[in-house]
Amino acid sequence: MTKFNELGLKQSLLDAVTDLGFETPSEVQEKAIPILLEGETDLVALAQTGTGKTAAFGFPLIQKIDSDSRTTQGLILSPTRELCLQITNELKLYSKYEKNINVVAIYGGASITDQARQIKRGAQIIVATPGRMKDMISRGLVNITKIDYCILDEADEMLNMGFFEDIKDILSNTPDEKSTWLFSATMPKEVSIIAKKFMHSPKEITVGAKNSGASTVQHEYYQVSGRDRYPALKRLADTNPGIFSVVFCRTKRDTQRVAEMLIEDGYNAGALHGDLSQNQRDLVMNSFRKKQIQMLVATDVAARGIDVDNITHVINYQLPDEIETYTHRSGRTGRAGKSGISIVLVTRSETRKIRAIENKINQKFILKTIPTGMEICEIQLYHLANKIKDAEINEEVENYLPAINDVFAGIEREDLIKKIISAEFTRFHDYYNKSKDLNSPDRGERDERRERGGEIPTSGSVRYFINVGEKDDYDWMSLKDFIRDTAQLGQEDVFKVDVKESFSFFNTDASVTQQVLSTFTEFKVDGRFVNVEVSKNPGGGRRNSGGSSGGGRRTGGGGGRDRGRDRDSSGGRDRSKRRDSGSSSSQGGGGTFSGKRRTKKRNTDFF
Ligand code: ADP
Ligand code: MG
């Protein structure tokens with residue numbers, strides 16, 4: 001495997017690489033860096049989102065800049081302000097051991113005079129959005145007539161966004177003898193036109209999809225009716241308490257609306273779209289980076305190029321018009337060697353689009369079912385149990401313990417656990433008890449109905465619970481491998497792996513159930529028991545469409561509760577919000593339940 005120090009980078013840059021924690025160069029870096037360092041050449045590099053293109057052009061550029069001269073020598077054009085800032089920050093990190101290298105970001109929505117002032121102080125490298133750049137050129141605030149390097153980053157997206165004329169204008173202000181480096185995820189016609197028109201026999205590199213970030217993404221789709229999109233989204237959030245996601249909508253209006261509903265329902269959500277002021281967008285992005293926002297609802301344009309690592313789910317609330325756009329969306333997850341999940345909510349008539357995307361991305365989608373209320377209850381229960389188990393003991397409770405112990409006096413441990421769990425479960429259960437199956441019925445799989453409860457099925461697929469999860473550093477891929485290897489199953493035997501924080505679910509065919517269960521009997525990893533049980537819920541397994549969630553109505557407890565109050569108190573994540581709603585709060589654990597506020601008219605048909 002090639003190492004960074006074999007690419008021709010000077011020591012100070014290698015030191016920066018080390019500080020960044022990059023161990024080995026990505027494929028596009030391995031290919032592009034030596035070519036760019038070797039001589040002066042034009043380059044077209046095609047590589048998917050998340051493959052490390054910034055460093056592929058950033059390091060060679062910095063090495064080639066003459067830091068003794070204050071002249072602007074390098075211009076990077078990128079489609080959005082967010083991306084522009086991101087690249088600027090990256091370049092600053094790359095050049096941390098260089099003396100006198102100035103990188104300035106130029107983008108719309110911020111003071112042009114401030115930016116002009118920064119340029120005036122001397123900027124060897126300018127990172128700009130095409131619109132603002134053109135503006136500054138026409139006002140004589142920048143001089144790019146002496147640049148040696150021009151980089152078109154995310155070229156396909158710049159052209160998608162209609163920057164063709166601006167780019168042409170900007171390039172006409174640059175010298176002919178410069179080198180142009182074009183980086184793009186895809187090569188649509190417009191990009192090849194740019195390449196033909198403005199580049200001189202460019203070298204070309206293409207990074208296969210195989211090693212790209214995108215292959216670490218699992219693609220899933222759920223079939224729901226149009227008006228169930230929103231409740232389906234909530235259930236996806238409820239089944240993934242640790243979710244950190246971008247939810248894509250098609251229009252600014254839908255983006256704003258979905259974000260508002262989520263916030264009202266108590267989720268940590270935020271909206272990102274072009275109608276917000278720069279200031280608002282910055283605030284949202286900052287909260288998202290800090291994970292104070294778990295669900296960022298965004299338009300394609302606004303989310304373009306967002307480089308936030310560890311996004312667990314990309315959710316296509318609505319499919320985009322262009323398949324290309326889907327690729328961009330799903331590329332927001334599965335970055336930097338992590339795995340991710342890209343989810344699509346489709347109506348029945350849209351399923352053919354799934355096939356079209358599959359052909360394009362060369363990966364299969366997995367058809368999943370929206371969890372029933374009872375499945376969510378099960379997940380939330382395990383979540384709650386783990387939360388109690390892992391709770392840090394607060395010394396403040398010490399004073400109250402004698403009185404509390406009196407209350408619990410005479411109750412056996414087993415009964416006490418039952419009571420604690422029931423106290424929460426009844427609430428969850430009441431909330432989801434009457435919830436309907438949100439999966440669109442027309443799936444042609446109705447007859448694959450499975451008996452529920454207790455018995456281990458002997459045919460069909462079996463859903464299991466396993467007591468390891470994200471906390472143990474598993475993701476769906478590594479857990480799948482672990483189970484498969486441990487139980488000595490075949491390549492495709494383990495499927496529908498859903499990794500939660502401290503536990504997970506997976507499916508196998510019923511024919512291997514005994515093998516799975518016997519493997520994980522008394523099975524220890526690092527001294528800890530790894531426990532596998534057949535889940536009471538079929539989960540991601542296929543189920544009949546009619547009334548399966550109703551079938552889970554097991555207890556009558558809490559029937560007399562005021563439903564409105566229950567909704568409020570069943571909460572959600574945003575605690576301040578919840579307080580605002582003035583609910584009586586028997587909150588406690590499992591705070592991921594989303595309650596719907598009774599004052600909201602528009603959601604009343606959800607459950
Ligand atoms: P692209 O422009 O291709 O979408 P980026 O340049 O934004 O990708 O890089 C994606 C992520 O991968 C960033 O978080 C970046 O820090 C990280 N990264 C880039 N190169 C490496 C590397 N060689 N090793 C580890 N992480 C890397
Ligand atoms: Mg990039």
Side-chain angles (χ1 to χ4, degrees), residues 1-7 9 13-34 36 43-62 76-96 103 105 127-129 151-161 181-187 191 205-209 211-217 244 246 285 288-289 300 303-311 314 324-325 327-340:
M1 207 189 293
T2 313
K3 300 209 178 76
F4 266 107
N5 61 15
E6 294 166 47
L7 301 178
L9 291 170
L13 293 177
L14 292 174
D15 291 343
V17 167
T18 309
D19 289 357
L20 283 160
F22 294 179
E23 279 168 12
T24 46
S26 69
E27 196 181 342
V28 67
Q29 292 161 2
E30 183 184 331
K31 287 184 172 165
I33 294 175
L36 296 177
L43 175 76
V44 172
L46 298 181
Q48 294 237 353
T49 316
T51 49
K53 293 191 287 294
T54 318
F57 63 76
F59 280 109
L61 178 65
I62 290 167
I76 299 164
L77 292 177
S78 88
T80 64
R81 159 202 162 88
E82 275 77 22
L83 205 47
C84 192
L85 286 167
Q86 220 171 63
I87 296 169
T88 309
N89 287 336
E90 288 266 310
L91 293 189
K92 285 182 175 161
L93 293 175
Y94 302 167
S95 60
K96 66 191 275 200
V103 187
V127 189
T129 53
I151 292 137
L152 305 172
D153 191 26
E154 310 262 3
D156 51 352
E157 191 58 22
M158 282 200 284
L159 296 167
N160 262 347
M161 290 170 66
W181 306 343
L182 183 150
F183 285 78
S184 190
T186 59
M187 189 76 174
V191 175
I205 57 178
T206 305
V207 171
N211 293 326
S212 74
S215 66
T216 59
V217 177
F244 183 52
V246 185
M285 275 313 293
F288 187 57
R289 276 181 220 286
D300 289 294
R304 158 80 358 198
I306 287 178
D307 178 26
V308 175
D309 287 342
N310 304 322
I311 289 175
V314 163
E324 218 46 83
T325 310
T327 317
H328 287 306
R329 289 181 176 186
S330 56
R332 297 296 125 221
T333 184
R335 295 166 78 80
K338 302 268 171 38
S339 73

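One is the number of the first residue; the rest follow in order along the sequence. We count ligands from 1, going down the list as the structure has it; atoms in each ligand are counted the same way.
Close approach of ligand 1 to T54 is summarised as follows: ligand atoms under 4.0 Å from at least one heavy atom of the residue are 2 (O), 5 (P), 6 (O), 7 (O). Residue-ligand proximity, Q48 to ligand 1, at heavy-atom distances under 4.0 Å covers atoms 3 (O). Those atoms of ligand 1 that come under 4.0 Å of a heavy atom in S26, given as number and element, are 23 (N). Listed by atom number, the atoms of ligand 1 under 4.0 Å from T51 heavy atoms are 1 (P), 3 (O), 8 (O).
Only the side chain of F4 comes within 4.0 Å of ligand 1, counting heavy atoms alone; its backbone N, CA, C and O stay farther away. Contacts between D309 and ligand 1, counted as non-hydrogen atom pairs separated by less than 4.0 Å, involve the side chain only.
Remark: N89 CG to Y94 OH distance equals 10.5 Å, nearest 0.5 Å. For the atom pair CG (L182) and CG (L77), the distance works out to 10.5 Å, reported to the nearest 0.5 Å. One distance of note links CD of Q48 with CD of E27; it measures 11.5 Å at 0.5 Å rounding. Distance CG/D309 to CZ/R332: 11.0 Å, rounded to 0.5 Å. Distance check: M158 CE to T80 OG1 gives 10.5 Å after rounding to the nearest 0.5 Å.
Checked by distance only, ligand 1 and Q29 come closer than 3.5 Å through their nitrogen or oxygen atoms. On a distance-only criterion, E154 and ligand 1 share no N/O pair closer than 3.5 Å.
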Item to check | Verdict with reasoning, V217 to V314, per side-chain contact (heavy atoms from CB on, under 4.5 Å) | outcome: CA-CA 10 Å; V217 177; V314 163; over 6 Å; no

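The closest approach between any non-hydrogen atom of A47 and ligand 1 is not below 4.0 Å. Ligand 1 has T24 within reach: a non-hydrogen atom of the residue lies less than 4.0 Å from it. Contact between Q86 and ligand 1 is absent, with no heavy atom of the residue lying under 4.0 Å from the ligand.
With a 4.5 Å cut-off on side-chain heavy atoms, D300 and R329 count as touching.
A donor-acceptor pair shorter than 3.5 Å cannot be found between the side chains of T54 and E90.
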